[in-house]
Protein chains: 2
Amino acid sequence: MQTFSVGQLAQNAGVNIETVRFYEKRGLLPMPKRTKSGCRQYTNKDIARIHFIKRAKELGFSLMEIAELLSLKINSETTCGDVKKIALDKLLDVATKIRDLKRIKKVLEELVTVCNKDNSATNECPILEALEIGNE
Amino acid sequence: MQTFSVGQLAQNAGVNIETVRFYEKRGLLPMPKRTKSGCRQYTNKDIARIHFIKRAKELGFSLMEIAELLSLKINSETTCGDVKKIALDKLLDVATKIRDLKRIKKVLEELVTVCNKDNSATNECPILEALEIGNE
DNA sequence: ATACTGTCCGTACCATAGTACAGGGTTCCA
DNA sequence: TGGAACCCTGTACTATGGTACGGACAGTAT
């Protein structure tokens, strides 16, 4: 089976070498086999694992949560329901973030629309005023 | 005019005392007047300013950007257009964040829907499988 | 042989947004 | 007059997700 050095793994997986070691320290990557001279030896599984980590990060999981997911995976005593629960929690988080950002977006849009005078002094800028007045 | 100690300001504005001093260090709050004994003396304006900061944070501005907005306000040479530009930039950011999160949400929803077996071992969990297969 | 590249490890550092704490001084009230 | 409660400063620490660097080996190329 093909093996990779840490540099090759990093290249293939699209991360930094330092990041690979960082992930290892954080328990996201298993301690790899070493060559006689002590260099890390990786396989395709490790590339897949880094892809998994990147994908999970895209999905809004923190490294700690990803470590959790990966440990669930290793420890097969846990059920699919456990994983589902984590995903559901995350779904809730994401939904909340979207809701909040939409509110933010709306205010910004209103502000930008109002702010049409390009050369008025800022002490009468509607953005600042709106933010100042708009606090509860 | 009524004045407030740093503790009272923190209380009224809903932040920590340390945060008030932290904001001062970062240039978000002006250096306040001091009593003879050296205690900071704040006014309603400072409360409003912290509300402004909190509001702007809610709107997705970083402390650095907020400092920028606040300095624009003080320095009246700058125009409303400058402020508008910052807000427009932020609007773009926010729109991107919403788009990404929606994508994430969709994937999570699909995953959770698929994951209906509550007692299957994790080595056949569709979420983990989907994440592993789902990398490009 | 020696220079170059890659890897090793540990440590320190980056930004962000604070929080905590040590070791003092001040103010207030009984 | 003494203690509680507040304030002062500066520094160090938290978490997150890495990045950078120094000094030492290893393997390869010319």
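Bear in mind the structure is a predicted one, so any value in this text is a computation, not a measurement. Chain letters run A, B, ... following the sequence lines, proteins first and then strands; every chain starts at 1. Computed from heavy atoms alone, side chains included, the values below leave out hydrogens, waters and symmetry copies.
The nearest pair of heavy atoms linking A/L28 to A/L70 is O-CD1, 3.5 Å.
Between the CZ atom of B/F22 and the P atom of D/dT9 there is a distance of 16 Å, rounded to whole Å. One interatomic measurement links the two molecules: NZ of A/K33 to P of C/dC8, which rounds to 16 Å at whole-angstrom precision. Protein atom OH of A/Y23 is 14 Å distant from nucleotide atom P of D/dT16, rounded to whole Å.
Across D/dT9, C/dT27, C/dC8, the shortest atom-to-atom separation from the side chain of B/R34 is found for D/dT9. If you check D/dG18, D/dT9, C/dC21 against the side chain of B/R40, the one that comes closest is D/dT9. Candidate nucleotides C/dT19, D/dG27, D/dT19 were compared by shortest atom distance to the side chain of B/N16, and C/dT19 ranks first. Here D/dT16 is the nucleotide among D/dG18, D/dT16, D/dC21 with the atom lying nearest to any side-chain atom of A/M64. Here the side chain of A/S62 is nearest to one of D/dG17, C/dC8, D/dT9, namely D/dG17. Of the candidates D/dC8, C/dT7, D/dT19, the closest approach to any side-chain atom of B/C39 belongs to D/dC8. Distances were taken from every side-chain heavy atom of B/R21 (C-beta onward) to each of D/dC7, C/dC8, D/dT9; the shortest belongs to D/dT9. Among the nucleotides C/dA17, D/dC8, C/dC8, the one closest to the side chain of A/V6 is C/dC8.
Expressed to the nearest 0.5 Å, how far OH of B/Y42 lies from CZ of B/R49 amounts to 11.5 Å.
Remark: A/K54 is not in phosphate contact with D/dG18, judged by side-chain N or O atoms under 4.0 Å from OP1 or OP2. Side-chain nitrogen and oxygen atoms of A/S37 include none within less than 4.0 Å of the OP1 or OP2 phosphate oxygen of C/dC8.
Mapping A/K36 and A/E18 onto DNA chain D by nearest heavy atom places A/E18 at the nucleotide closer to the 5' end.
Using a 4.5 Å heavy-atom cutoff, the side chains of B/F4 and B/N44 are in contact. B/I47 places none of its side-chain heavy atoms less than 4.5 Å from the side chain of B/I50. B/K57 has its side chain within reach of B/L63: a pair of non-hydrogen atoms, C-beta onward, lies under 4.5 Å apart.
A/S5 comes within 4.0 angstrom of sugar-phosphate atoms only, judged by non-hydrogen atoms across all strands, and of no base.
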